[in-house]
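Below: one structure, written as structure tokens.
No hydrogens, no waters, no symmetry mates; every other heavy atom, side chains included, goes into these values. Along the sequence shown, residues are numbered consecutively beginning with 1. The structure presented is a predicted model; accordingly, all values stated were derived computationally and were not measured.
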Amino acid sequence: MCASKRSAPSPHTCIGAFTVTRSARIRRAALATGCVTALAATLFTAAGAHADPAPAAAPDIDVKAVKADLDQLQSIADANGGNRAHGKPGHKASIDFLKGKLDQAGFKTQVQEFDNNGATGYNLVADWPGGDESKTVMAGAHVDSVDTGPGINDNGSGSAGILEVALAVSKSGLKPAKHLRFAWFGDEEDGMVGSQSYVKKIGADTKKIDAYLNFDMIGSPNPGYFVYDDDARLEKVFKDWFAAKNIATEKETEGDGRSDHASFKDAGVAVGGLFSGADYKKTEEQAKNWGGEAGKAFDACYHQSCDTSKNIDEKALDTNTDAIAAAIWQLSS
């Protein structure tokens, strides 16, 4: 090094004594130029060393882990009358299963109770320590099923997807700039009762939620790739991710106002999310873009007893869960 970045370079330090002849002047000029170049390189390197690092890339979420969670939810339904519905023991057992994994991973969890139709319902909320709580990024899914079946796509898929993303946050030791919160809502099937209870409970603190992302059915067996268009910023995050994978997307319209994002949107929160389709039928154009069968429902077992762990498209489940992770990492940085 010719000089520290705190002082100007000295030609005597770098050159030493030379007889002032034409050739000496040439040599001295060349050496001085070298000093300036070296100094500039040193300053550039020092500046780069103190630059903020680029946000870490989201990890790939193992779809086998997501499917293992779905198998566990199926087992819970099988042991509790074939469903995980509001007011039924299978719903509370589902909450307990999720809470146990999140507690072990280091999340701060709380179970919030509410009443509807003469029965107690439950919301599970899990906060990852750290980050600016005045700018909270939140991901949610409803964990209850209908009475007629185990509800593995609707909405075990969204529940398991965000669970594995939350566990990936813990495993990676993520230190987001914004606060991260995950939630599993009860009694969505009776009209978003659980999420409405949550929004009412936090009151003015809804202003601290920078984004709410909703995931309700992300593994439909004849899947589509639908992106919520409620907020342009959040829509772009997902559309850009899918575009980079050369996967066509469409605006989500089938579930407008029919899932928990509506509770947050009505409270003035920016909302986004993903959806793989319910009982609407896939068009020829959609089948061309996504594969699957045209003229058939995205999920023929929607709200039926056949919505079991066999009622899942693994590729859609994998793709959507990875998209969730990418959005969480990007939006919380």
Side-chain angles (χ1 to χ4, degrees), residues 66-100 111-125 140-163 183-200 214-223 254-263 273 275-281 296-313 316-317:
V66 185
K67 291 187 72 178
D69 296 332
L70 293 180
D71 288 342
Q72 183 62 36
L73 293 175
Q74 178 71 61
S75 296
I76 288 170
D78 292 343
N80 291 281
N83 66 66
R84 301 178 301 100
H86 168 71
K88 303 295 178 65
H91 174 60
K92 182 58 165 59
S94 299
I95 291 287
D96 292 342
F97 160 65
L98 296 166
K99 185 177 186 299
V111 176
Q112 300 175 350
E113 296 185 1
F114 59 90
D115 294 319
N116 189 46
N117 291 335
T120 300
Y122 306 93
N123 294 329
L124 171 63
V125 181
H142 77 86
V143 71
D144 62 310
S145 73
V146 292
D147 289 334
T148 52
I152 299 303
N153 186 37
D154 182 18
N155 183 38
S157 61
S159 295
I162 67 169
L163 171 63
W184 290 261
F185 297 114
D187 207 11
E188 185 269 355
E189 297 293 2
D190 287 324
M192 294 82 73
V193 179
S195 56
Q196 289 176 0
S197 172
Y198 173 81
V199 169
K200 182 178 180 181
N214 195 64
F215 304 102
D216 190 351
M217 302 176 68
I218 61 170
S220 301
N222 189 28
E254 183 178 358
D256 277 355
R258 294 171 55 189
S259 193
D260 293 306
H261 62 289
S263 301
F275 178 61
S276 57
D279 53 354
Y280 282 21
K281 292 182 178 180
K296 302 291 186 180
F298 294 101
D299 183 356
C301 288
Y302 175 64
H303 283 187
Q304 297 185 40
S305 61
C306 57
D307 185 11
T308 67
S309 55
K310 296 180 181 179
N311 189 48
I312 290 290
D313 181 87
L317 184 68

TODO: May I ask you to decide if D187's main-chain N or O and N116's side chain share a donor-acceptor pair within less than 3.5 Å?
DONE: no
- [ ] Can you measure from CZ (F275) to CZ (R258) and round to the nearest 0.5 angstrom?
- [x] 7.0 Å
- [ ] Using a 4.5 Å cut-off on heavy atoms from C-beta on, say whether the side chain of D307 contacts that of V146.
- [x] no
- [ ] Start with the C-alpha gap between I152 and N311, add the side-chain angles, then the distance that decides, and say whether side chain to side chain contact (heavy atoms under 4.5 Å, CB included) holds.
- [x] CA-CA 7 Å; I152 299 303; N311 189 48; 5.9 Å; no
Task: Main-chain N/O of P221 paired to N153 side chain as donor or acceptor, under 3.5 Å - done: no
Open item on the list: Q196: which residues meet the side-chain contact (heavy atoms from CB on, under 4.5 Å) condition with it, sequence neighbours left out?
Closed with: M192, S263
TODO: Ignoring hydrogens and angles, tell me if any N or O in the side chain of T308 forms a donor-acceptor pair with the backbone of P150 under 3.5 Å.
DONE: no
Task: F97 side, atom CZ; L124 side, atom CG - distance, nearest 0.5 Å - done: 11.5 Å
Open item on the list: Please give me the minimum heavy-atom distance between F215 and A141, naming the atom from each residue.
Closed with: O-CB, 3.3 Å
- [ ] Enter the distance from L163:CG to W184:CH2 here, rounded to the nearest 0.5 Å.
- [x] 5.5 Å
Open item on the list: Has E254 got a side-chain atom pairing as donor or acceptor with A278's backbone, closer than 3.5 angstrom?
Closed with: yes
Task: Spatial distance of atom CD (Q112) from atom CD1 (I95) [nearest 0.5 Å] - done: 10.5 Å
Task: Heavy-atom donor-acceptor pair, N155 side chain to H142 backbone, under 3.5 Å - done: yes
Open item on the list: Between D144 and E188 (side chain of the first, backbone of the second, donor and acceptor by atom type, cut-off under 3.5 Å), is there such a pair?
Closed with: yes
Task: Least distance between heavy atoms, V66 atom then G161 atom - done: CG1-N, 4.1 Å
- [ ] Would you indicate whether the side-chain heavy atoms of I312 and S157 approach each other to under 4.5 Å?
- [x] yes
Open item on the list: Within the 4.5 Å heavy-atom criterion, are H91 and V143 side-chain neighbours or not?
Closed with: yes
- [ ] Look at the side chain of D154 and the backbone N and O of Y302, then say whether any donor-acceptor pair between them is shorter than 3.5 Å.
- [x] no
Open item on the list: Any salt bridge linking D147 with K88? Criterion: basic side-chain nitrogen under 4.0 Å from a carboxylate oxygen.
Closed with: yes
Task: Flag side-chain contact, heavy atom, 4.5 Å: D279 against D299 - done: no
TODO: Output the distance between atom CZ (F185) and atom NE2 (H86), rounded to the nearest 0.5 Å.
DONE: 15.5 Å
Task: Presence of salt bridge, K92 and D96, under 4.0 angstrom - done: yes
Task: Flag, side chain of R84 to backbone of G90, donor-acceptor distance under 3.5 Å - done: no
Open item on the list: Could you go through E113 and Y122, starting from their C-alpha distance and side-chain angles, then the distance that decides it, and tell me whether this counts as side chain to side chain contact (heavy atoms under 4.5 Å, CB included)?
Closed with: CA-CA 5 Å; E113 296 185 1; Y122 306 93; 3.8 Å; yes
Open item on the list: Show the nearest heavy-atom pair for residues G156 and L73, with the distance to one decimal.
Closed with: CA-CD1, 3.8 Å
Open item on the list: So which atom in A183 and which in I162 form the shortest heavy-atom distance, rounded to 0.1 Å?
Closed with: O-CD1, 3.5 Å
TODO: Answer yes or no: is there a donor N or O on one side and an acceptor on the other, between the side chain of S276 and the main chain of M217, under 3.5 Å?
DONE: yes
